[in-house]
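Every heavy atom of this structure was used, including side-chain atoms; hydrogens, water molecules and symmetry mates were not. By convention in this document, chain letters (A, B, ...) are assigned in the order of the sequence lines, proteins followed by strands, and residues within each chain are numbered from 1.
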Amino acid sequence: MTELSSRFNPQDVEDKWLRSWEERNIFHAEPDPKKKPYTIVIPPPNVTGILHMGHALNNTLQDIMVRFKRMQGFATCWMPGTDHAGIATQNVVEKQLAKEGKKRQDVGREKFIERLWEWKKQYGDTIIHQLKKLGSSCDWPRTRFTMDEDYSRAVTHVFVELYKKELVYQGNRIINWCPRCQTALSDEEAEHQDTQGNLYHILYPFKDKPNEHVIVATTRPETMLGDTAVAVNPKDKRYKKLIGKTLVLPLMNREIKIIADEFVDPKFGTGAVKVTPSHDPNDFAMGKRHKLEFINILHPDGRLNENAGRFNGQDRFAGRKAVVEALKTQGLLEKIEPHQHAVGHCYRCHTVVEPYLSKQWFVKMKPLAHPAIEAVKKGKIKFTPKRWTKVYLNWMENIQDWCISRQIWWGHRIPVWYCPQCKAGKNIIVSETAPKQCPHCQSTDLRQDEDVLDTWFSSWLWPFATFGWPKKNQDLEYFYPTASLFTASEIIFFWVARMIMAGFEFMGERPFSDVYIHGTVRDTQGRKMSKSLGNAIDPLEIIREYGADALRFSLIINSGQDLFISKEKFEVGRNFANKIWNATRLILMNASAAGLPDSTPQASELYSRWILSRFHRTLDQVTRAIEGYRFSEAETLIYDFFWKNFCDWHLELIKDQWSSEETQQVTLHILEQSLKIMHPFMPFVTEEIFHILRPQAGSLSQQSWPKVEKKFIDAKIESEVDELMEIITAIRNLRSQWNISQGTTPDIVLIAPKGKVLGDTKRLAIQKLAKTGNIRLSVEKIKIKESASSLAGPFNIFIPLQGIIEIEKEKNRLQQELQQQVRSAESLSNRLQNKEFLKKAPADIVAKEKERLANFQAKIEEFRKILADLS
RNA sequence: GGGCGGUUAGCUCAGCUGGUUAGAGCAGUUGACUUACAUUCAACAGGCCGGGGGUUCAAUUCCUCCACCGCCCACCA
């Protein structure tokens with residue numbers, strides 16, 4: 001086995017195992033009555049996507065859980081797939097077209113969609129391949145796409161069902177309109193960012209007294225062109241008399257009335273509000289209440305339209321400037337105040353969105369929300385970390401209707417047909433399949449609604465539509481509901497909440513029992529990683545340079561909360577993989593894999609029992625950490641166990657003990673067991689080594705997760721070895737402190753508390769140990785198995801002068817330490833005299849403190865003796 | 001305006017239900033070419049646990065106020 005390279009080379013093994021896993025199809029699960037199902041569905045990445053760090057984190061977490069559960073014997077199905085991502089993907093292809101100097105309208109709907117499918121075909125699987133490179137053990141043959149035929153049928157079915165239940169309706173309302181994408185957005189798709197803007201104070205003259213006026217304040221002065229009233233609070237004394245008066249809207253010369261409405265806050269601005277019912281949700285509501293005129297002043301692309309008078313054709317922002325200028329010249333602009341306010345931006349293209357009056361389809365959310373709220377309140381669905389529960393409930397309890405129609409072409413076409421023959425388009429046909437003729441007038445000239453559905457209107461069905469719903473089938477029966485959902489907080493409203501609602505509405509059951517919300521990956525300055533900022537670290541580059549295991553391990557160990565990532569952070573994982581690799585090399589140089597035991601080997605020696613105890617304790621902690629979604633903790637435990645306990649101590653302690661059968665067996669056994677618990681975190685390196693150890697055994701992922709055996713966990717053994725370690729460390733420490741070179745052999749005097757004096761053998765052992773300062777050579781000589789029990793108790797080690805050590809230096813050191821000990825002993829003794837403490841503290845704490853004090857006192861005594869000797 | 005999270009070593013963070021001497025990684029200093037690994041080994045140094053007040057025998061941990069940083073939500077014209 002010496003031919004193994006001294007450095008672990010991820011590139012040599014990763015693709016090999018990816019192919020092997022794929023060929024053997026070992027991550028595929030079928031319903032199995034003998035096993036319990038464990039299902040999770042992937043948050044489907046967009047087909048526009050290239051793997052970024054967020055994906056890497058998200059999918060590593062899922063993979064850890066899935067591999068863990070698989071090894072625990074569950075029928076584990078991790079459903080993979082991609083999302084068509086309506087607006088995002090359409091934007092990408094539109095950009096492509098733009099390079100050819102074309103718009104989508106130039107090529108036409110049909111051809112444009114063809115291009116989108118081509119794009120999907122070409123790039124849609126890129127991310128799937130990248131997920132595989134990460135090591136994701138998805139049930140790949142099941143891979144779904146939100147626009148698959150079956151899936152699309154489910155989407156249509158849901159629309160029709162909700163329509164029948166009157167939970168889907170068409171309405172003319174103010175929605176968020178993206179002038180660049182030229183489509184309606186849902187409330188969630190408009191991202192509000194605090195923006196430094198201005199509050200423009202504009203004079204509106206009275207009709208009968210043109211020299212007098214009412215002043216209104218607005219952040220969007222161009223919308224005044226669409227004003228149809230000015231509103232004041234009915235209780236506002238300043239304006240009470242003016243209610244009902246007529247004003248002349250500047251620039252437009254339109255007569256508008258002053259109306260009274262409770263909505264107006266007298267304290268804000270001037271207390272008088274211009275009312276633009278077509279371009280503001282509040283004004284819209286007021287417009288309805290007061291039966292005002294609705295004037296749309298914007299083209300869909302954000303230019304002012306013919307209703308804007310002489311500003312017709314100008315872009316909204318240019319129009320803003322022009323309006324302000326015009327008002328200025330007419331002396332109707334009182335002032336401009338700086339004003340910070342939240343401005344909505346399109347979540348796909350970051351263009352400022354406009355509140356826009358249009359006819360759209362909506363889902364009535366309140367009835368759907370009810371069971372979804374109850375489920376979380378009753379703990380049927382749990383959020384981890386818990387605090388997200390509140391965020392979820394708060395949103396759900398204030399839920400607004402969901403605008404689901406989009407004026408784009410890429411997506412599920414709305415299954416609604418209109419009959420132009422029938423009057424006023426009142427007769428609409430909502431149907432899962434294209435109707436042949438109008439049921440009212442028998443006309444065959446039917447037109448399908450031009451719009452498509454919000455992407456999220458398909459993804460909210462993901463946990464069951466991927467299993468073939470609405471068709472009843474065995475897979476759905478067996479794998480639904482799923483277990484855990486892993487996602488980022490940004491997606492709670494878009495997706496998580498809606499999936500919960502859909503789960504109850506259509507399946508009558510929760511879609512998952514746990515929601516795990518992980519942190520956001522940021523750069524070291526705390527900024528989100530993004531292509532546009534240029535601060536993104538490409539996971540694929542990390543895989544190339546450090547390996548997928550390193551990427552995974554490093555991400556997870558940093559994943560307690562938000563992650564602040566720089567390239568160097570991935571060294572931990574790379575180094576750890578290399579450590580595992582080299583430990584294996586050492587072991588295989590000294591023990592043959594042929595001797596690998598199939599069960600826990602006999603362990604009589606202290607070090608065997610110690611490492612077994614440490615392993616089982618770690619196993620127990622790791623298992624519980626994974627089950628509690630504490631992944632970084634699990635990794636830390638594994639890291640510490642393998643590196644510090646197993647490599648730094650065990651492998652060193654046994655170094656000249658290799659001839660022992662027990663040593664070989666125990667060491668091989670621990671190595672193999674460690675590989676198992678490391679496998680979910682680092683599948684490639686562990687798989688490679690496992691294959692070297694057991695070439696015939698198949699994949700490590702098909703092995704069972706080790707069982708915690710309490711009988712191996714032995715606190716006494718662990719504390720004995722701890723003490724030994726302390727002695728050894730103390731000696732190394734002194735060596736280093738006094739710069740004792742390799743060849744020098746100082747005498748060592750060990751000072752133990754009364755009744756705990758070391759025997760000659762042990763003293764000799766420690767002396768020899770000190771000679772080298774290296775435990776490796778010490779093993780044989782120290783004879784741990786015989787001496788361990790008698791080594792119990794705290795020791796001080798003192799090396800007297802041998803012409804090497806400066807006596808004054810040592811005296812000072814001892815003095816200082818003595819003082820510290822005295823201080824500690826004093827405060828402890830005070831404590832032990834405190835009656836309250838004695839009365840109220842638990843007995844074991846009191847006992848422990850007493851023991852501590854005794855130890856301090858013993859130490860003090862010894863120090864004094866030594867100091868006396870030195871003088 | 002409402003809500004949430006954070007503040008622990010130079011940096012990034014652990015520290016679960018209060019209880020030995022507050023931990024780790026990185027960076028730093030010192031030493032080591034010890035035949036698994038320099039992607040290594042050994043050792044050292046570095047902390048009024050953001051500030052005030054409270055509860056308790058005991059507070060980094062629980063409560064409260066304050067400061068600063070970050071995030072989310074909201075119809076801030």
Side-chain angles (χ1 to χ4, degrees), chain A residues 2 4 6-8 174 192 194 199 216-220 223 231 263-265 268-276 280-285 339-342 355 385 387-388 390-391 394-395 398 489-490 492-493 520 522 524 526 546 550 557-558 560-566 568-569 571-590 624-625 628 630 632-633 636 639-640 644 647-648 651-652 655 729 732-737 739 741-742 772-777 820 824 828 831 834-842 844-846 848-849 851-852 855:
Chain A
T2 41
L4 295 183
S6 70
R7 192 162 280 189
F8 174 62
I174 297 271
H192 290 273
D194 267 357
L199 199 54
V216 297
T218 178
T219 53
R220 294 182 296 152
T223 61
F263 161 79
V264 179
D265 175 4
F268 189 92
T270 60
V273 187
K274 57 189 273 315
V275 183
T276 323
D280 183 279
N282 298 311
D283 295 6
F284 175 76
H339 178 69
Q340 196 174 331
H341 60 136
R387 67 189 134 93
W388 295 108
K390 224 172 153 179
V391 174
N394 182 52
W395 187 77
N398 296 295
S489 59
E490 295 102 85
I492 293 177
F493 308 143
T520 309
R522 300 168 184 282
T524 41
Y546 296 96
I557 207 155
N558 284 297
Q561 42 180 62
D562 279 2
L563 299 86
F564 300 88
I565 294 295
S566 60
E568 303 82 64
K569 293 244 166 156
E571 288 172 7
V572 200
R574 178 198 59 183
N575 296 355
F576 189 45
N578 190 242
K579 189 72 184 178
I580 300 168
W581 180 252
N582 276 293
T584 305
R585 285 179 64 220
L586 171 70
I587 294 165
L588 291 181
M589 281 174 191
N590 292 287
R624 278 185 294 169
R630 299 188 309 274
S632 63
E633 186 184 319
T636 308
Y639 182 88
D640 284 349
K644 293 175 182 171
C647 292
D648 288 351
L651 291 181
E652 293 299 332
K655 225 154 198 178
T729 303
R732 284 175 180 165
N733 190 337
L734 290 176
R735 251 192 186 289
S736 165
Q737 228 170 42
N739 212 1
S741 70
Q742 215 57 24
T772 61
N774 187 335
I775 13 157
R776 153 138 55 115
L777 291 176
Q820 226 171 46
S824 304
L828 243 186
R831 182 148 202 223
N834 186 322
K835 279 176 198 158
E836 293 295 310
F837 173 73
L838 292 173
K839 219 193 297 173
K840 292 184 182 164
D844 57 319
I845 297 283
V846 178
K848 267 185 195 165
E849 298 286 66
E851 200 184 312
R852 262 177 79 205
N855 287 339

Watson-Crick/G-U partner (both atom distances under 3.5 Å) of B:C16: none

Closest to the A:Y639 side chain, choosing from B:A77, B:G25, B:G19: B:G25

Shortest side-chain distance from A:F564, nucleotide among B:C13, B:C76, B:C4: B:C13

Out of B:G25, B:C73, B:C76, whichever nucleotide has its closest atom nearest the side chain of A:F493: B:C73

Sugar-phosphate, base or nothing in reach of A:A342, heavy atoms under 4.0 Å: base

Phosphate OP1/OP2 of B:A42: any A:K644 side-chain N/O under 4.0 Å: no

Donor-acceptor pair between A:N834 and A:R831 side chains, under 3.5 angstrom: no

Heavy-atom donor-acceptor pair, A:K579 side-chain to B:C37 base, under 3.5 Å: yes

Touch class at under 4.0 angstrom, heavy-atom based, for A:V216 against every strand present: nothing

Sugar-phosphate only, base, or nothing, as touched by A:Y546 at under 4.0 Å among non-hydrogen atoms: nothing

Who pairs with B:A42 - Watson-Crick or G-U, where each distance is under 3.5 Å: B:U30

Whole-Å C1' distance, B:U56 and B:C11: 36 Å

Candidates B:C73, B:A77, B:G19 - which lies nearest the side chain of A:N394: B:C73

Residue A:M589, side-chain heavy atoms: nucleotide from B:A36, B:A77, B:U39 that is nearest: B:A36

Nucleotide opposite B:A59 in a Watson-Crick or G-U pair, distances under 3.5 Å: none

Nearest-nucleotide pick for A:L199, side chain only, options being B:G19, B:A77, B:G5: B:A77

Length of the line joining A:R630:CZ and B:U17:P, which is rounded to integer Å: 11 Å

Nucleotide forming a Watson-Crick or wobble pair with B:G25, both distances under 3.5 Å: B:C11

Nucleotide of B:A36, B:A77, B:C37 approaching A:A583 most closely (side-chain heavy atoms): B:A36

For B:C4, the Watson-Crick or wobble counterpart (both distances under 3.5 Å): B:G70

Sugar-phosphate, base or nothing in reach of A:V273, heavy atoms under 4.0 Å: base

Sugar-phosphate only, base, or nothing, as touched by A:K848 at under 4.0 Å among non-hydrogen atoms: nothing

